[in-house]
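All chains are named by letter (A, B, ...) in the order of the sequence lines, taking the proteins before the strands, and each is independently numbered beginning at 1. The shown structure was predicted, so the numbers you read here are calculated from the model rather than taken from an experiment. Keep in mind that the numbers below use all heavy atoms, side chains included, and drop hydrogens, waters and symmetry copies.
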2 protein chains.
Amino acid sequence: MTTIRDIARALGITPSTVSRALSGNPRVKEETRRAVEKTAREMGYERNVVAANLRKGRSMIVGIVIPRIHREFFSNCIGGAESILNQAGYSVLICQTLESVEAEIQALKTLKNYRVAGVLLSHAINAPNGDHVKEILGNTPLIQFDRVFPDLPGAKIVGANCDGAYKATRHLIEAGYRKIGTLAGYMTSQAYVERLAGYRMALEDAGLPFDEKLVYYNTIVRETGYEAGLKAIKAGCDALYSAGAFSALGAIDALKEKGIRAPEDFGIVGTANEGFTALMTPSLSTLNQHPFEMGEAAAHAFLEGRLDTQVIPMELIERQSSNKNNTWQK
Amino acid sequence: MTTIRDIARALGITPSTVSRALSGNPRVKEETRRAVEKTAREMGYERNVVAANLRKGRSMIVGIVIPRIHREFFSNCIGGAESILNQAGYSVLICQTLESVEAEIQALKTLKNYRVAGVLLSHAINAPNGDHVKEILGNTPLIQFDRVFPDLPGAKIVGANCDGAYKATRHLIEAGYRKIGTLAGYMTSQAYVERLAGYRMALEDAGLPFDEKLVYYNTIVRETGYEAGLKAIKAGCDALYSAGAFSALGAIDALKEKGIRAPEDFGIVGTANEGFTALMTPSLSTLNQHPFEMGEAAAHAFLEGRLDTQVIPMELIERQSSNKNNTWQK
DNA sequence: TGCAAAGATACAAACGTTTGCACAAATCGC
DNA sequence: GCGATTTGTGCAAACGTTTGTATCTTTGCA
């Protein structure tokens, strides 16, 4: 592989000038710059970023740490972040934690070892707090998105969880459902705490009672959603707001098993507009969290060195599963 | 940050010994090794992999280049590869091409610049051939999966495309459908060529005519699947084998629009067992390509330096969309 | 006891860049 | 035309590892 030394030798100048020429330093004559660029092209020069990173003490890599890559929500976040970061010359190193705090710690250590320029993090659901993050990352810029530790410093990109849950619940009320339970997530995560708050607020604003017994905690996957769905049916619910998408799917499994018609006899609204929600029968009303935009916002926050918290709105998508009077068209 | 020099100084030895001790070189006394490990821990030492990579001329990073991360097929491949590679101490750098050859070239260059230890590639659909890959990558180990250039050297992990398409088509024939078209993909990709061949073989083995007019090329997304679906209906087809999953979805859109019942009057089998295929109505019969296993196989091929081609079997999952007599249970 | 072999560590040169400082040449103001 | 500033390059020291070779010490064996 050709190095800047080779180019320097070929032109009878020093490597430093070549380096400066290639990195666009203004202290180099336009003429030399062109000559350098020309021979660099001719000799097939490719910059060794590893060496450059070592010298500079930081790399042009941004680490992204997420629970699972094959959740559409997260893969869209990645897509959004990657598009912005690539344009700015960064590459992304992606680590899955599979919801394990140990894997998260390992991933952060790896990223630190690679001296990444920054880390975009959505933490594992059962992480008790952000202490491990702070300890490992030190002063590496940290941008949290979706699942954030509020006490950790740095930029945060969050969904309008409370508002979204409020909209979803109010929608169920307006559709005519009356005993509305909720598939709540893990209270270790701020996002789910807020969704629960929004759900509660909507009930109370409508003069409906908030019943702690109708809150089914720790349900974010299909299986637990199914089990909670059975319990909700037994408890006499006629609707559920689900803080997740897959748990809502599980609840619909439960309805089908019990022969309960949705939306006529039971309404459901989920969160996270995963692709399947539009395709299943009944199609699932959900909250669109705009994951691509969240990823973009996280990338921008990193690039601009922002430290504030941005809230991405959530939008209700009304589909069949919450349409009590069954007037669904198309 | 503490370096091996600091540790060396603290112990009155040289950095080289510290390096050897930490990397498990047998030429260092057990006693020294323990001392080094102890002080390393005490001083909070974190190995600078960037420096190590520079010296060694290669990194412990494996690049993965794929068309789109949010296709379940690819995100599962990544998941499979990542799990194996992480265990072996590698990290993965992921690049999306969004089916653009230019982006693919850029991604490969970036990976080369990072001196990655190897590249796992599934090429953009409209890449004419693998010349750009060979030119950029040079002697960096290349493992191709799913979408491969047969003429490029190195390991390849492919699905049993021909066999899978054969199974799918034969299944439609056995179910009682008679005029079976196909939503073929792009003939620039070996995988789709083979699927078309399997489809044709199944027809001919059953004594049914192969009709070039019923082959709808370049359909792999929902929109083109929909359009091809309309054409197939007009042409009098009563079934389709789709070489993709999203195109099959589009074809079902077309059927619904025309009021044609599936599976009673029209059968469909797709490829790529995306999550939605099991959830939609009618649920879509598909071929499971075992993407997670493909990713694992690619990672193993890299780690073991294999150069051969492995074929991952495809398994037919019979669901509603191909069940002509509508005897679907559960 | 002596000598060879093996065992453990030190030395120093890389790896390919970047960058502060020095220095020469060119430009400028007066 | 002279000192002061600007402009363009060169020099050399990093950045933190790894590793081939050399050196020193210990061990084993006759």
Side-chain angles (χ1 to χ4, degrees), chain A residues 1-37 39-40 43-61 89 109-110 112-117 138 140, chain B residues 1-37 39-40 43-61 89 109-117 138-140:
Chain A
M1 299 232 63
T2 58
T3 72
I4 55 170
R5 302 184 107 86
D6 301 327
I7 299 175
R9 213 171 355 240
L11 288 170
I13 56 177
T14 59
S16 27
T17 307
V18 176
S19 171
R20 278 188 264 257
L22 292 174
S23 62
N25 189 311
R27 290 179 69 87
V28 46
K29 218 197 298 182
E30 195 50 39
E31 191 188 324
T32 3
R33 178 193 316 289
R34 264 197 294 272
V36 167
E37 277 165 0
T39 46
M43 301 178 74
Y45 170 75
E46 292 283 345
R47 196 171 101 114
N48 184 329
V49 276
V50 180
N53 290 345
L54 171 61
R55 169 62 226 234
K56 294 203 280 198
R58 72 198 155 76
S59 70
M60 290 294 278
I61 299 182
K109 280 188 180 166
T110 303
K112 182 72 180 179
N113 284 0
Y114 272 106
R115 305 297 191 269
V116 293
T140 302
Chain B
M1 298 231 65
T2 59
T3 72
I4 54 170
R5 302 183 105 86
D6 301 327
I7 299 175
R9 216 176 347 245
L11 288 170
I13 56 178
T14 60
S16 28
T17 307
V18 176
S19 171
R20 278 190 258 261
L22 291 175
S23 63
N25 190 310
R27 291 179 67 88
V28 46
K29 219 197 299 182
E30 194 50 38
E31 192 187 324
T32 354
R33 179 193 315 287
R34 264 197 294 273
V36 167
E37 276 166 0
T39 45
M43 301 177 73
Y45 171 75
E46 294 283 345
R47 194 173 104 113
N48 185 329
V49 275
V50 179
N53 290 346
L54 171 60
R55 171 60 226 235
K56 295 202 282 197
R58 72 196 156 78
S59 71
M60 290 295 277
I61 299 182
K109 279 189 179 166
T110 302
L111 294 175
K112 182 73 180 180
N113 284 1
Y114 273 107
R115 303 298 189 271
V116 293
N139 55 3
T140 302

Integer-rounded Å distance: [N] [atom2] and [X] [atom1]:
X: Leu22(B); N: dT17(D); atom1: CG; atom2: P; result: 9 Å
X: Lys112(A); N: dG16(D); atom1: NZ; atom2: P; result: 13 Å
X: Asn25(B); N: dA8(C); atom1: CG; atom2: C1'; result: 10 Å
X: Met1(A); N: dG16(C); atom1: CE; atom2: C1'; result: 12 Å
X: Arg58(A); N: dT17(C); atom1: CZ; atom2: C1'; result: 13 Å
X: Asn48(B); N: dT17(C); atom1: CG; atom2: C1'; result: 14 Å
X: Met60(A); N: dT17(C); atom1: CE; atom2: P; result: 16 Å
X: Ile13(B); N: dA10(C); atom1: CD1; atom2: C1'; result: 11 Å

So which nucleotide from [options] ends up closest to the side chain of [X]?
X: Arg27(B); options: dT17(D), dG7(C), dC11(D); answer: dG7(C)
X: Lys29(B); options: dT17(D), dA8(C), dG8(D); answer: dA8(C)
X: Ser16(B); options: dT19(D), dT17(D), dT9(C); answer: dT19(D)
X: Arg55(A); options: dT7(D), dA14(D), dT18(D); answer: dA14(D)
X: Thr14(B); options: dT19(C), dC11(C), dT7(D); answer: dC11(C)
X: Ile4(B); options: dA10(C), dT9(D), dT17(D); answer: dT17(D)

Determine the contact category for Thr3(B): base if any of its heavy atoms lies under 4.0 Å from a base atom, sugar-phosphate if only primed atoms, P, OP1 or OP2 are that close, otherwise nothing.
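Contact class for Thr3(B): sugar-phosphate only.
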Touch class at under 4.0 angstrom, heavy-atom based, for Ser23(A) against every strand present:
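Answer is nothing: Ser23(A) stays at 4.0 Å or more from every strand.
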Starting from the 5' end of DNA chain C, give me the residue, Arg47(A) or Leu54(B), whose nearest nucleotide shows up first.
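Final value for this comparison: Leu54(B).
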Assuming nearest nucleotide by heavy-atom distance, tell me which of Arg115(B) and Thr17(B) is located more 5' along DNA chain C.
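The residue whose closest nucleotide sits nearer the 5' end is Thr17(B).
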When rounded to the nearest 0.5 angstrom, what distance separates CG in Asp6(A) from OH in Tyr45(A)?
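Here the interatomic distance stands at 9.5 Å.
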Rounded distance (nearest 0.5 Å) linking atom CE of Met43(A) with atom CD1 of Ile7(A):
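Rounded to the nearest 0.5 Å, the CE-CD1 separation comes to 6.5 Å.
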With salt bridge (charged side-chain N to carboxylate O under 4.0 Å, His left out) as the test, would you mind laying out the steps for Glu30(A) and Arg34(A) before giving the verdict?
CA-CA 6 Å; Glu30(A) 195 50 39; Arg34(A) 264 197 294 272; 3.6 Å; yes
Take Thr17(B) and Thr14(B) through the test side chain to side chain donor-acceptor pair (under 3.5 Å) and record every step on the way to the result.
CA-CA 6 Å; Thr17(B) 307; Thr14(B) 60; 3.3 Å; yes
If you take atom types as modelled and just measure distance, does the side chain of Arg20(B) reach the base of dG20(D) with a donor-acceptor pair under 3.5 Å?
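Yes.
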Within a strict 4.5 Å, meaning less than it, do heavy atoms of the Tyr114(A) and Asn53(B) side chains meet?
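Contact flag for Tyr114(A)/Asn53(B) side chains = yes.
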State, yes or no, whether a side-chain contact exists between Thr110(A) and Asn113(A) at a heavy-atom distance under 4.5 Å.
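Side chain of Thr110(A) against side chain of Asn113(A), heavy atoms only: no contact under 4.5 Å found.
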OP1 or OP2 of dT19(C) under 4.0 Å from side-chain N/O of Ser19(A)
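For Ser19(A), the contact criterion (side-chain N or O under 4.0 Å from OP1 or OP2 of dT19(C)) is not met.
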Side-chain N or O of Tyr45(B) closer than 4.0 Å to phosphate OP1/OP2 of dT17(D)
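So the side-chain polar atoms of Tyr45(B) do come within 4.0 Å of the phosphate oxygens OP1 or OP2 of dT17(D), strictly under.
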